[in-house]
2 protein chains.
Amino acid sequence: MKNNLSASLEDYLELICNLLETSSCVKAVEIAKKLNISRASVSEALVKLADKNLIIYEGHKGITITPEGLKKAKEVILKHNTFTSFFENTLGLDKVIAEDNACKIEHVVSDEVFEKIREFQLYCENNQDFIDKFKKGKNN
Amino acid sequence: MKNNLSASLEDYLELICNLLETSSCVKAVEIAKKLNISRASVSEALVKLADKNLIIYEGHKGITITPEGLKKAKEVILKHNTFTSFFENTLGLDKVIAEDNACKIEHVVSDEVFEKIREFQLYCENNQDFIDKFKKGKNN
DNA sequence: CAAAATTGTAAGGCATGCCTAACTATTTGT
DNA sequence: ACAAATAGTTAGGCATGCCTTACAATTTTG
């Protein structure tokens with residue numbers, strides 16, 4: 001009953017959730033293409049996610065996410081978006097760099113740090129002049 | 001000739017560097033105790049670090065760090081300290097939480113993000129009232 | 001509706017990084 | 001110096017997560 005997902009499985013779940021936003025039927029082959037890994041590896045991962053009751057996977061019928069899986073996916077996605085936004089909007093980093101780093105950090109950061117960054121970012125948004133001054137510095 | 005270290009090897013190197021600050025002779029068994037892993041695992045890791053010319057390891061004689069290893073170690077340690085300080089001093093998080101998260105993030109963050117955080121933290125230090133106001137908020 | 005294309009699975013491999021158990025080498029202490 | 005304690009290594013195992021190759025199932029399409 002260990003609910004802890006590896007970084008890898010979190011990535012799969014996150015992607016599945018994102019793909020389900022736009023299409024009602026997600027196939028394993030799509031995931032393989034997006035993550036640039038083999039169909040076989042995806043197949044293995046999907047079995048693991050299904051074992052953990054995070055998705056329902058029935059081969060050619062496509063992938064469905066369970067309520068539990070959705071909850072977990074949303075958590076990861078929120079972390080992802082929070083860090084991406086912090087890096088891009090608050091710190092003024094390049095979008096791609098912001099995304100790349102958020103993608104890694106989302107899997108290792110604790111809830112406390114995540115929450116605090118969230119708060120801090122909100123605080124910064126309400127003090128845009130402070131951030132603007134930073135961005136105008138010797139940076140860029 | 002791939003110079004990329006795994007998170008695990010970076011941790012070993014970082015610890016070796018830190019231990020060499022206070023004692024001139026570091027033994028594998030010390031590392032095993034500090035990282036709470038088996039002597040066997042440490043032995044394997046040290047062979048890998050030596051293969052990459054980051055340390056000089058001759059069994060019972062102890063571990064020495066090479067200039068190359070020192071350079072790499074200092075980089076990781078700087079990232080570690082930067083994130084720890086950002087979390088603890090700037091965001092006002094608990095020291096232990098700050099350390100734990102820095103320990104993970106230091107291995108996955110890119111140089112660009114690291115540098116920017118460094119700059120930002122410096123900027124915040126010069127605007128302590130802004131940070132104090134944040135810390136006094138509904139947080140804590 | 002059957003051949004072709006697509007999609008999915010199984011088997012066997014590889015690397016990392018950890019483990020334990022058993023062994024060897026070195027150091028320490030009397 | 002030699003027995004005991006400490007330190008290090010080797011061998012074999014396990015889990016994760018990726019790979020390729022080959023095969024099976026399904027869907028598409030002529």
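Numbers restart at 1 for each chain; the letters A, B, ... are given by sequence-line order, proteins then strands. From a predicted model like this one, the values you see are computed outputs, not experimental measurements.
With A:I16 as the partner, the side chain to side chain contact (heavy atoms under 4.5 Å, CB included) test is satisfied by one option alone out of A:L54, A:L70, A:T64, A:L49: A:L49. Among B:E125, B:Q121, B:H80, the one residue that satisfies the side-chain hydrogen bond (donor to acceptor under 3.5 Å, both in side chains) test with B:S85 is B:Q121.
A straight line from CD1 of A:I31 to C1' of D:dC18 spans 16 Å, rounded to a whole angstrom. In this structure, the CG atom of B:N4 is 17 Å from the P atom of C:dA15, given to the nearest Å. Summarising the geometry, the separation between NE2 on B:H107 and C1' on C:dT16 is reported as 15 Å, rounded to the nearest angstrom. Here C:dT16 presents its P atom at 11 Å from CG of B:D51, a figure rounded to the nearest Å.
Counted by atom type alone, A:N101 and B:S110 present one or more donor-acceptor pairs between their side chains at under 3.5 Å.
Side-chain atoms of A:S6 come within 3.5 Å of backbone N or O of A:L9 as a donor-acceptor pair.
Using a 4.0 Å cut-off on heavy atoms, the residues of residues 32-42 of chain A that approach DNA chain D are A:N36, A:I37, A:S38, A:A40, A:S41, listed by number.
The side chain of A:S43 approaches C:dT9 more closely than any other nucleotide in the set C:dT9, D:dC18, D:dG8. Looking at the side chain of B:L9, the nearest of the listed nucleotides C:dT9, C:dG17, D:dT10 is C:dG17. Of the candidates C:dG8, C:dC18, C:dT9, the closest approach to any side-chain atom of B:E44 belongs to C:dC18.
A heavy-atom distance below 4.5 Å is found between the side chains of B:L93 and A:V113. Taking 4.5 Å as the limit, some side-chain heavy atom of B:L19 sits within range of a side-chain heavy atom of B:I31. Side-chain contact between A:E14 and A:E106 is present, with at least one heavy-atom pair separated by less than 4.5 Å. Here the side chains of B:F87 and B:I97 are not in contact, with every heavy-atom distance at 4.5 Å or above.
Contact between the side-chain N/O atoms of B:Y12 and the OP1/OP2 oxygens of C:dT16 is not found at any separation under 4.0 Å. For the OP1/OP2 pair of C:dT7 and a distance below 4.0 Å, the side-chain nitrogens and oxygens of A:K61 include no atom meeting the criterion.
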Worksheet item: Where do A:K116 and B:F134 land on the side chain to side chain contact (heavy atoms under 4.5 Å, CB included) test, with the steps shown first?
Response: CA-CA 10 Å; A:K116 189 64 87 179; B:F134 170 66; 3.9 Å; yes
Just the atom pairs and distances: protein N or O near nucleotides 1-6 of chain C's N or O, under 3.5 Å.
none

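Nearest-nucleotide positions on DNA chain C place A:E58 closer to the 5' end than the other of B:A45 and A:E58.
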